[in-house]
There are 2 protein chains.
Amino acid sequence: MKHSTQQRESILESLRMASGPLTPAEILEAARKRVPGMGIATVYRNLKLLLRSGLAREIALPGSSSRYELFNLEHHHHFQCRDCLQVYCLHGCPGGLHALTPEGFVLEEHEIVLYGRCAGCNLGYQ
Amino acid sequence: MKHSTQQRESILESLRMASGPLTPAEILEAARKRVPGMGIATVYRNLKLLLRSGLAREIALPGSSSRYELFNLEHHHHFQCRDCLQVYCLHGCPGGLHALTPEGFVLEEHEIVLYGRCAGCNLGYQ
DNA sequence: ATACTTGCAAAAGTTTTGCAGGTTA
DNA sequence: TAACCTGCAAAACTTTTGCAAGTAT
């Protein structure tokens, strides 16, 4: 992460603009709007660097590639719609997770994912 | 899931005996102890069937293949040790997740994963 | 000038699929 | 026997890597 390049800026911009965490393919698609010839290897390489430097984090969900989001937002969790598969960011956190942690274990972080139907997809079924 | 075979029984047995969710490779390794020639395609095919029939569920974690566990246990969550990468099952659930769900969304399920250091790995660092 | 980055293509790794042969009910 | 399953190998995907050329500092 020493140099700033068009490609890198475009990847960061795509993550900043996103309404939720993105897959590498989604990042590439978004970033190519600003830097047409960009290759997928560049996306993967930059994501690795962002993870290593603590600027981004990875969210793994069943059924698709991991998704990535910048780590500068306030602490939050995610909701995946089972219909449209979109991932939304949520506000807040239930807390109380230390109660789940076994004796002798040290809790450093946590991730919560809710699954269900988003508002848009519910409408279609009413 | 119409016929019972050695391979299928051995996969189920591996999942039953496991102390946490297993990756396909871990399932194959365990199942081969009973059915030596078993192939990885059989594991994947059976996992698909188990998922489709609701007997198993998939847990996706960053950095490795998805893990699978039988869906007959009581509701619980998981802890992954960042040192040894082992995944442990936890007891209980903090609840209060409806409060996170946005207006108009329907919450059907949820998954919580804690990350940190397990008791065994903590000892090594004291 | 030097170190860093990129695109491409190849390599490595994971998951799925077609098919011929074997097994279960 | 009819439907189902399996192993193998190939195919389809996803992610990583080597390298030569280009770019940022």
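Chain identifiers are assigned alphabetically (A, B, ...) following the order of the sequence lines, protein sequences preceding nucleic acid strands; residue numbering begins at 1 within each chain. It should be emphasised that the depicted structure is a prediction, and the values quoted were computed from it without experimental measurement.
B:N122 contributes a side-chain N or O that, together with a main-chain N or O of A:G104, makes up a donor-acceptor pair within less than 3.5 Å. Judged purely by atom type and a 3.5 angstrom limit, B:H110 has no side-chain atom pairing as donor or acceptor with the backbone of A:L114.
Among residues two or more places apart in sequence or in another chain, the ring pair (Phe, Tyr, Trp, His ring centres under 6.0 Å) test is passed with B:Y68 by none. Among residues two or more places apart in sequence or in another chain, the salt bridge (charged side-chain N to carboxylate O under 4.0 Å, His left out) test is passed with B:R32 by none. Taking the salt bridge (charged side-chain N to carboxylate O under 4.0 Å, His left out) definition, one finds that A:E13 meets it with A:R16, sequence neighbours left out. By the side chain to side chain contact (heavy atoms under 4.5 Å, CB included) test, A:E109 is found to be paired with A:F71, B:R82, B:Y115, residues two or more places apart in sequence or in another chain being considered. Applying the side-chain hydrogen bond (donor to acceptor under 3.5 Å, both in side chains) test to A:E58 and every residue at least two apart in sequence or in another chain returns A:S66.
Distances shown here put every side-chain N or O of B:K2 at or beyond 4.0 Å from the OP1 or OP2 atom of D:dA3.
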What pairs of donor and acceptor atoms, side-chain ones from residues 87-99 of chain B against any protein atom, are under 3.5 angstrom apart with sequence neighbours left out?
none

Side chains of residues 39-52 of chain B: which donor-acceptor partners sit under 3.5 Å, not counting sequence neighbours?
residue: B:N46; atom: OD1; partner: B:R8; partner atom: NE; Å: 2.6
residue: B:N46; atom: OD1; partner: B:R8; partner atom: NH2; Å: 3.2
residue: B:N46; atom: ND2; partner: B:T42; partner atom: O; Å: 2.9

Less than 3.5 Å apart, which donor and acceptor atoms pair up between the side chains of residues 20-30 of chain A and the rest of the protein, not counting sequence neighbours?
residue: A:T23; atom: OG1; partner: A:E26; partner atom: N; Å: 3.2
residue: A:T23; atom: OG1; partner: A:E26; partner atom: OE1; Å: 3.4
residue: A:E26; atom: OE1; partner: A:T23; partner atom: N; Å: 2.8

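The two atoms that bring B:F79 and B:C118 nearest to each other are CE2-N, 4.2 Å, heavy atoms only. The two residues B:C84 and B:C81 come nearest to each other via the heavy atoms N-SG, 3.5 Å.
Protein chain A contacts DNA chain C from C:dA3 to C:dC8, reading 5' to 3' and using non-hydrogen atoms of the protein with a distance under 4.0 Å.
Taken residue by residue, residues 3-27 of chain A places heavy atoms nearer than 4.0 Å to DNA chain D at A:H3, A:S4. Sorted by residue number, the members of residues 33-55 of chain B with any non-hydrogen atom under 4.0 Å from DNA chain D read B:G37, B:M38, B:G39, B:A41, B:T42, B:R45, B:N46.
For the helix from C:dA1-D:dT25 to C:dA25-D:dT1, the angle separating the two terminal helix axes comes to 30°, with each axis derived from five pairs and the value rounded to 10°.
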